[in-house]
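Notes for the one structure printed next.
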Number of protein chains: 2
Amino acid sequence: MATTSRGRRIPEATVARLPVYLRILLDQSEAGIANVSSEELADLAGVNAAKVRKDLSYLGTYGTRGVGYEVEYLIYQVRRELGLTHDWPVVIVGAGNLGQALAGYGGFRQRGFPVAGIVDNDPAKVGSLIGDIRVRDVADLAEIVRDHKVSIGIVATPGPAAQEAADQLVAAGVTSILNFAPVVLNAPPGVNVRKVDLAVELQILSYYEQRRAAAAAGSSLHAVPAGSRRGASA
Amino acid sequence: MATTSRGRRIPEATVARLPVYLRILLDQSEAGIANVSSEELADLAGVNAAKVRKDLSYLGTYGTRGVGYEVEYLIYQVRRELGLTHDWPVVIVGAGNLGQALAGYGGFRQRGFPVAGIVDNDPAKVGSLIGDIRVRDVADLAEIVRDHKVSIGIVATPGPAAQEAADQLVAAGVTSILNFAPVVLNAPPGVNVRKVDLAVELQILSYYEQRRAAAAAGSSLHAVPAGSRRGASA
DNA sequence: GATTGTGAAAGCGTTCACAGCC
DNA sequence: GGCTGTGAACGCTTTCACAATC
């Protein structure tokens with residue numbers, strides 16, 4: 001009851017950074033580094049040291065004053081907090097360009113998200129192989145979710161098909177959805193939806209590019225947001 | 001000097017939402033809808049109406065009280081603000097799984113980001129076709145950037161190669177980078193970097209899934225953050 | 001001496017609520 | 001009557017700065 005952090009609420013902004021710290025810690029571990037300070041971690045993560053300390057303090061008091069954090073122990077704690085002590089099989093809906101790339105992307109399996117299946121509603125795609133995964137019919141979705149205990153679904157369909165894909169995932173019992181389609185998905189309460197919109201990211205960059213151009217032609221207002229700059233010098 | 005918004009600074013959070021509004025407005029336009037209220041726009045975007053009004057107020061006062069916003073006019077204004085009045089050719093570094101999917105993804109061209117080229121440092125990949133784009137050698141990067149006036153580069157390499165790819169993009173003259181590799185990139189001041197990390201998104205979902213499971217086994221603390229819930233009922 | 005953990009302050013972003021305008 | 005535009009209030013996030021600890 002004293003050592004577990006069960007029930008502590010971690011701010012969303014912190015949750016979003018923990019995976020970044022984790023990746024860095026794993027690198028450090030592989031490099032044989034036993035301890036790391038908040039400052040080192042901050043440099044590698046591109047944030048400042050106070051933020052790292054505050055973030056990690058939500059997990060518990062795992063550092064040692066004057067020394068820093070023990071890499072292996074911190075890895076274990078971050079993993080536990082993120083729920084990464086076991087794999088989370090995922091199912092992908094949509095075997096187009098993006099779905100295929102995601103299914104073939106080794107990073108998912110490597111980071112604890114093996115692809116339990118990929119489905120499509122196009123009979124022409126069903127049955128084809130992507131890496132060592134065979135595309136199945138969307139009708140098999142519930143079966144895949146049940147058999148592999150899938151909680152997380154990935155929507156990789158074209159925009160117009162995305163809501164139906166999400167509905168089918170929810171009906172199949174999935175409770176978290178990662179949406180790559182460029183639409184806003186509706187899901188019932190209790191289903192967590194996150195969105196990754198590739199073109200939106202480019203449009204955000206476009207905004208700052210355009211500002212830069214406007215600034216060059218006019219005043220000297222800085223066009224690049226402070227948070228996006230990063231010194232190249234060590 | 002009175003009608004252009006040159007110089008107004010728009011909060012980053014707003015900049016990130018403008019592309020979403022734009023997409024919805026384009027849908028409305030195609031559906032032949034002439035006017036839209038902040039409430040309608042908010043529902044479709046999955047945010048609240050006050051936020052929509054505040055966001056749009058940063059662009060100027062383009063609404064009409066008692067009526068709403070004229071769709072076509074607002075599309076024009078959002079486009080102008082985001083710098084989407086012209087295309088932004090992009091260059092992709094890395095012709096692996098993800099790079100290929102991105103190069104073949106029609107959504108980029110459609111939304112104003114045609115793929116001017118894709119390069120790789122693997123001779124086995126150079127020369128192959130992805131859709132109608134031929135993979136070129138990374139040595140041609142500067143030439144592609146110059147010839148197509150590319151400002152935005154996309155890093156789609158494996159993690160270990162990403163920093164070198166970014167350096168080459170910067171050397172070639174690119175001033176904005178969208179990074180898909182799971183590493184923190186260093187770039188000189190003046191170069192804007194955004195990151196999309198697919199596994200990180202899954203890890204964030206994993207956190208809330210894990211909390212849900214912990215909550216089910218214990219108290220009733222809600223595991224899904226308020227901002228991620230969305231009612232399914234109309 | 002070094003570095004963490006954390007209150008307090010400052011800065012942002014969101015939401016409220018209503019005056020202003022059509 | 002309906003809807004926008006916005007000051008003010010609120011809450012979340014970041015940063016500061018320093019006491020506590022090794």
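Bear in mind that the values here come from a model prediction, so they are computed numbers and not experimental data. Heavy-atom basis, side chains included; hydrogens, waters and symmetry copies ignored. Naming: A, B, ... by sequence-line order, numbering from 1 per chain.
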In terms of side-chain heavy atoms of [X], which of [options] is nearest?
X        : options                  : answer
Lys54(B) : dT6(D), dG13(C), dC18(D) : dT6(D)
Ala13(B) : dT15(D), dT14(C), dG5(D) : dT14(C)
Arg53(B) : dT13(D), dC18(C), dG5(C) : dC18(C)
Pro11(A) : dT13(D), dG5(D), dT14(C) : dT13(D)
Ser57(A) : dT6(C), dC16(C), dT15(D) : dT6(C)

Any residue in residues 31-43 of chain A with a heavy atom nearer than 4.0 angstrom to DNA chain C? Just list them by number, or reply none. Ser37(A), Ser38(A)
So how far is it from Ser57(A) OG to Ile10(A) CD1, rounded to the nearest 0.5 Å? 9.5 Å
Check the distance between dC12(C)'s C1' and Ile10(B)'s CD1 and give it to me in whole angstrom. 16 Å
Test side chain to side chain donor-acceptor pair (under 3.5 Å) on Asn35(A) and Tyr69(A); report intermediate values, then the result. CA-CA 5 Å; Asn35(A) 282 279; Tyr69(A) 301 87; over 6 Å; no
Identify, with sequence neighbours excluded, every residue that meets ring-ring contact (aromatic ring centres under 6.0 Å, His included) alongside Tyr73(A). Tyr62(A)
State whether the distance check finds a donor on one side and an acceptor on the other, under 3.5 Å, for side chain Arg65(A) versus base dT21(D). no
Any side-chain N or O of Tyr69(B) less than 4.0 Å from the OP1 or OP2 oxygen of dG5(D)? yes
Any side-chain N or O of Arg17(A) under 4.0 Å from OP1/OP2 of dT14(D)? yes
Check step by step if salt bridge (charged side-chain N to carboxylate O under 4.0 Å, His left out) holds for Asp197(B) and Arg23(A). CA-CA 11 Å; Asp197(B) 190 326; Arg23(A) 186 164 31 69; 3.8 Å; yes
Contacts of Ser37(A) meeting side chain to side chain contact (heavy atoms under 4.5 Å, CB included) (sequence neighbours excluded), chain-then-number -> Glu39(A), Glu40(A)
Quick one: do Thr85(B) and Arg79(B) satisfy side chain to side chain donor-acceptor pair (under 3.5 Å)? Show the steps, please. CA-CA 6 Å; Thr85(B) 50; Arg79(B) 275 220 172 107; over 6 Å; no
